[in-house]
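To start, the structure itself, in structure tokens.
Since the model is a prediction, treat every value here as computed from it, not as a measurement. In this chain, residues are counted from 1 in sequence order.
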Amino acid sequence: MPISTKNLTPVHLSFAVLYPIHEAIAEIQVKKDIELCLQCVDEFHEALRKSFAGQVGVLVNRVHPYSYDSNAQFKITTSPQIKAIGIVHHNTTSWVASHTMQELPPNRVRNMRNFWQRDDAIEWLLGEMQQKG
């Protein structure tokens with residue numbers, strides 16, 4: 001499903017690039033070998049608030065390897081603005097790391113799914129953003 005990115009400007013964060021790929025979907029690509037900390041999480045949540053008026057679906061494109069400190073693991077998904085999170089993996093190490101993080105509270109209660117294909121993740125996020133609630 002092609003998505004128009006016309007007039008959507010990337011947001012360069014200190015640790016990643018946030019690409020608004022739809023009016024209600026943000027794709028984030030974290031830079032290589034970054035360890036996300038609370039400051040990164042706060043910067044990410046603030047960028048979402050500034051870039052999107054309402055709820056947002058987040059497409060995490062794990063192009064590069066990165067990690068989280070323990071505080072960031074517990075806070076990254078807690079923004080009430082985030083309605084759904086689709087994670088695209090490019091290797092099994094990334095897949096396993098995400099599954100482990102998803103088992104941590106409060107992540108366990110979030111609407112998150114893992115994908116091997118970016119298009120599948122976008123299609124799922126579009127469906128989730130159309131759901132009421």
Side-chain angles (χ1 to χ4, degrees):
M1 172 177 292
I3 303 286
S4 171
T5 57
K6 188 177 180 181
N7 299 324
L8 300 177
T9 305
V11 178
H12 294 272
L13 306 175
S14 65
F15 66 95
V17 179
L18 185 70
Y19 299 95
I21 60 171
H22 180 270
E23 64 185 15
I25 298 176
E27 178 175 0
I28 186 164
Q29 291 183 11
V30 176
K31 296 175 184 174
K32 186 176 181 182
D33 297 328
I34 294 288
E35 180 181 65
L36 277 79
C37 61
L38 284 177
Q39 180 181 352
C40 296
V41 171
D42 291 341
E43 185 180 356
F44 170 59
H45 290 170
E46 181 64 20
L48 290 178
R49 279 190 293 277
K50 287 182 177 178
S51 300
F52 296 90
Q55 286 193 308
V56 63
V58 175
L59 173 66
V60 179
N61 194 340
R62 290 193 61 124
V63 177
H64 304 294
Y66 60 90
S67 61
Y68 299 86
D69 73 19
S70 58
N71 292 321
Q73 284 181 331
F74 288 103
K75 189 175 179 188
I76 191 75
T77 66
T78 61
S79 170
Q81 186 179 11
I82 299 173
K83 183 173 182 178
I85 302 168
I87 306 165
V88 179
H89 301 280
H90 300 273
N91 59 58
T92 54
T93 302
S94 165
W95 186 282
V96 170
S98 286
H99 272 285
T100 301
M101 191 186 94
Q102 288 171 341
E103 290 302 312
L104 298 172
N107 301 337
R108 191 174 356 184
V109 298
R110 295 308 313 242
N111 187 12
M112 297 166 57
R113 278 192 61 189
N114 294 286
F115 298 90
W116 289 111
Q117 300 296 320
R118 182 177 178 271
D119 288 346
D120 293 342
I122 291 172
E123 185 176 330
W124 177 77
L125 283 167
L126 286 169
E128 293 301 300
M129 297 313 296
Q130 292 174 359
Q131 305 263 339
K132 299 278 187 208

Walk me through it: do V58 and T77 pass the test side chain to side chain contact (heavy atoms under 4.5 Å, CB included)? CA-CA 10 Å; V58 175; T77 66; over 6 Å; no
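- When all heavy atoms are compared, the tightest approach of V56 to A26 is CG2-N, 3.9 Å.
- Residue E128 comes nearest to A84 through the heavy atom pair CB-CB, 3.9 Å, listed as atom of the first residue, atom of the second, then distance.
- Under the side chain to side chain donor-acceptor pair (under 3.5 Å) criterion, S14 pairs with E43, not counting sequence neighbours.
- Residues satisfying the side chain to side chain contact (heavy atoms under 4.5 Å, CB included) test with K32, not counting sequence neighbours, are H64, P65.
- When the side chain to side chain contact (heavy atoms under 4.5 Å, CB included) test is applied to R118, the partners found at least two apart in sequence or on another chain are I21, E27, L59, N61, V88, I122.
- By the rule that hydrophobic residues join a cluster once side-chain heavy atoms approach within less than 4.5 Å of another member, L18 and V63 end up as members of separate clusters.
- Considering all non-hydrogen atoms of both residues, L126 and I25 come closest at CD2-CD1, 3.6 Å.
- For E23, there are no side chain to side chain donor-acceptor pair (under 3.5 Å) partners, not counting sequence neighbours.
- Side-chain heavy atoms closer than 4.5 Å link hydrophobic residues (I, L, V, M, F, W, Y) into clusters, and following such links, possibly through other members, connects L48 to I34.
- Residues that satisfy the ring-ring contact (aromatic ring centres under 6.0 Å, His included) test with F115, not counting sequence neighbours, are W124.
- Across P20 and P10, no two heavy atoms sit closer than the pair CD-CA, 4.1 Å.
- R113 is linked by a salt bridge (Lys or Arg N to Asp or Glu O under 4.0 Å) to nothing, counting only residues two or more places apart in sequence or in another chain.
- In this view, A97 satisfies the side chain to side chain contact (heavy atoms under 4.5 Å, CB included) rule with no residue, not counting sequence neighbours.
- For Q39, the CD atom counts as loosely surrounded, since its 6.0 Å shell holds 12 or fewer non-hydrogen atoms of other residues, nucleotides or ligands.
- Interatomic distance, N111 CG to I82 CD1, rounded to the nearest 0.5 Å: 11.5 Å.
- Y68 pairs by the ring-ring contact (aromatic ring centres under 6.0 Å, His included) definition with Y66, not counting sequence neighbours.
- Under the rule for a side chain to side chain contact (heavy atoms under 4.5 Å, CB included), the partners of S98 that lie at least two apart in sequence or sit in another chain are R62, I87, H89, N114.
- The closest donor-acceptor contact from the side chain of K83 to the backbone of Q131 lies under 3.5 Å.
- The NE2 atom of H45 sits 10.0 Å away from the CG atom of L38 when rounded to the nearest 0.5 Å.
- Hydrophobic side-chain contacts under 4.5 Å tie W116 into a cluster, directly or through other members, with W95.
- Residues V41 and F15 have side chains not in contact (no heavy-atom distance under 4.5 Å, counting atoms from C-beta outward).
- For D42, the salt bridge (Lys or Arg N to Asp or Glu O under 4.0 Å) criterion is met by K75, not counting sequence neighbours.
- Taking every heavy atom of both residues into account, V11 and A47 meet most closely at CG1-CB, 4.3 Å.
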